[in-house]
A.B. asks: 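First the structure, then my questions, so here it is.
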2 protein chains.
Amino acid sequence: MGTRRATAEKQRPARDPSAIFERNEVRETFRISYLANSLVLPAYDEISREYSLSRGEYLLLFCLAHMPKLTAQDVANMTGRPRNSISRAVHRMLREGYVDRTPDPEDRRQAMLQITARGLKLHRRIVTKFIAREDALLSVLDAQERAALDSILKKLVLHTATLAV
Amino acid sequence: MGTRRATAEKQRPARDPSAIFERNEVRETFRISYLANSLVLPAYDEISREYSLSRGEYLLLFCLAHMPKLTAQDVANMTGRPRNSISRAVHRMLREGYVDRTPDPEDRRQAMLQITARGLKLHRRIVTKFIAREDALLSVLDAQERAALDSILKKLVLHTATLAV
DNA sequence: ATACTATTGTTCCATTTGGAACAGTATGGT
DNA sequence: ACCATACTGTTCCAAATGGAACAATAGTAT
């Protein structure tokens, strides 16, 4: 790793990549974005390689693993992704047998989605990746800090819903 | 809005989109991801419509607005995006005159990137969108909570760097 | 009843995206 | 001096992505 260390040594503070975290007008936005990527992208990478599922496809599985019945629109609301992405994901997951769909007789525009046993099994295997990553990240916080973070994030998420898009 | 209210009333808790925030194995991950999207996507949407800049392109501008000189690789490190995306963004921003590039005589593989006056002006106009959104979100927190969030996020970001990808 | 508006899920299309392979340059060991 | 290894920025290609328009269905108002 000689090269790498040499490069790092040459690196003046003016180019230190971590400096930008302190040096910008929207520090919390930048940090939250960065953390989100760091929490989520490595796992999605593995999921794509190991199971050939796209981000949107696993997101659908994830939602259905925790909510017994959802419409495609519900999933779009939860994840903030556009409906066409969900639609594509639903078709793929139906083909793979991870998800079931039954038309809603009370509103024939929509259909109720449900996870299958097979889908739930897959989710349980996959979600460990995210758990491990989250644990690793949060391990740097003490109990008090964790509690504070938890309550603050809860508040923020709740508040977000009231903001106009 | 009659229809919307009717739909909302029909909605059983089993389908309440906000329920999933409490009901999953990686609550903080899910919340942080959601917040990141909520903070950033609406602004990127406007930026794309108003200035025809893609996310990666503005991210480059943002980095250079706060760091006097960077290589493409530096930007990749800061943003977590792959190098080819940065490369594309650099070419586009060079053409538009938002960014300058000068080859590094000490290492002829790389080139130093700098923002132009024109680029900085554009950034100043654009960044207000992110500031407004961040302010709106954080307005729900009191001073103590803000301080706590700030210090916790700082700690987490620092710690992330030590985690293997 | 009938028009008008809203909502759901879908298809189409253009853009964005990221991985892989590449040439050029630099570094370290022999 | 030479070879192996590593790093930078680039191009190519396949896949993912999101907006717009659409048909089918539902709700609202006259």
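Nothing here was measured: the structure is a model prediction, and the numbers come from that model.
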A.B. asks: Please state how far atom CZ in A:Arg101 lies from atom C1' in C:dT8, giving the value in whole angstrom units.
C.D. replies: 11 Å
A.B. asks: Nearest-Å distance, CG (A:Leu113) to C1' (C:dG9)?
C.D. replies: 10 Å
A.B. asks: Could you tell me whether the phosphate oxygens of C:dG9, OP1 or OP2, come under 4.0 Å of any side-chain nitrogen or oxygen in A:Ser87?
C.D. replies: no
A.B. asks: Could you run through nucleotides 12-25 of chain D and give me one letter per nucleotide, 5' to 3': B if any protein heavy atom sits under 4.0 Å from the base, S if only the sugar-phosphate is that close, - if neither?
C.D. replies: ----SBBBB----B
A.B. asks: Is it true that B:Lys129 and B:Glu50 make a salt bridge, defined as a side-chain N closer than 4.0 Å to a carboxylate O?
C.D. replies: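 Salt bridge: yes.
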A.B. asks: Which heavy atom of B:Pro68 sits nearest to which heavy atom of B:Gln114, and what is that distance?
C.D. replies: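 So the two residues come closest at O-CG, 3.1 Å.
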A.B. asks: Going by the side chain to side chain donor-acceptor pair (under 3.5 Å) test, which pairs reach into residues 33-42 of chain B, not counting sequence neighbours?
C.D. replies: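 Output for this query lists B:Ser38-B:Arg133.
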A.B. asks: If I take atom CG in residue A:Leu70 and atom C1' in nucleotide C:dT8, what distance separates them, rounded to the nearest angstrom?
C.D. replies: 15 Å
A.B. asks: Output the rounded distance in Å from CD (A:Glu106) to P (C:dT7).
C.D. replies: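 The answer, rounded to whole Å, is 19 Å.
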A.B. asks: Tell me: CG of B:Asp104 to C1' of C:dG24, nearest whole Å?
C.D. replies: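 Answer to the nearest Å: 15 Å.
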A.B. asks: Quickly work out the A:Met112 CE to C:dT8 P distance and round it to whole Å.
C.D. replies: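 Checked: the CE to P distance equals 11 Å.
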A.B. asks: Mind checking what makes salt bridge (charged side-chain N to carboxylate O under 4.0 Å, His left out) contact with A:Asp45, not counting sequence neighbours?
C.D. replies: A:Arg49
A.B. asks: Among pairs that include at least one residue of residues 124-149 of chain A, which meet ring pair (Phe, Tyr, Trp, His ring centres under 6.0 Å), considering only residues two or more places apart or in two chains?
C.D. replies: A:Tyr44-A:Phe130, A:Tyr58-A:Phe130
A.B. asks: If a pair satisfies salt bridge (Lys or Arg N to Asp or Glu O under 4.0 Å) and one of its residues is in residues 117-128 of chain A, list it, with sequence neighbours excluded.
C.D. replies: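 Qualifying pairs: none.
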A.B. asks: Can you give me the bend angle of the helix from C:dA1-D:dT30 to C:dT30-D:dA1? Use the axis through the first five pairs and the one through the last five, nearest 10 degrees.
C.D. replies: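 End-to-end axis angle: 30°.
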A.B. asks: For residues 150-157 of chain A, which side-chain N or O atoms pair as donor and acceptor with protein atoms under 3.5 Å away, sequence neighbours left out?
C.D. replies:
{"residue": "A:Asp150", "atom": "OD1", "partner": "B:Arg31", "partner atom": "NH1", "Å": "2.9"}
{"residue": "A:Lys155", "atom": "NZ", "partner": "B:Glu145", "partner atom": "OE1", "Å": "3.2"}
{"residue": "A:Lys155", "atom": "NZ", "partner": "B:Glu145", "partner atom": "OE2", "Å": "2.9"}

A.B. asks: What residues, two or more places apart in sequence or in another chain, satisfy side-chain hydrogen bond (donor to acceptor under 3.5 Å, both in side chains) together with B:Arg92?
C.D. replies: B:Glu57, B:Glu96
A.B. asks: Check salt bridge (charged side-chain N to carboxylate O under 4.0 Å, His left out) between A:Glu25 and all other residues, then give those that pass, not counting sequence neighbours.
C.D. replies: none
A.B. asks: Check the distance between C:dT17's C1' and A:Tyr44's OH and give it to me in whole angstrom.
C.D. replies: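 About 16 Å, once rounded to whole Å.
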A.B. asks: What is the separation between atom CG on A:Asp74 and atom C1' on C:dT7, rounded to the nearest whole Å?
C.D. replies: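 Rounding to the nearest Å, CG of A:Asp74 and C1' of C:dT7 are 13 Å apart.
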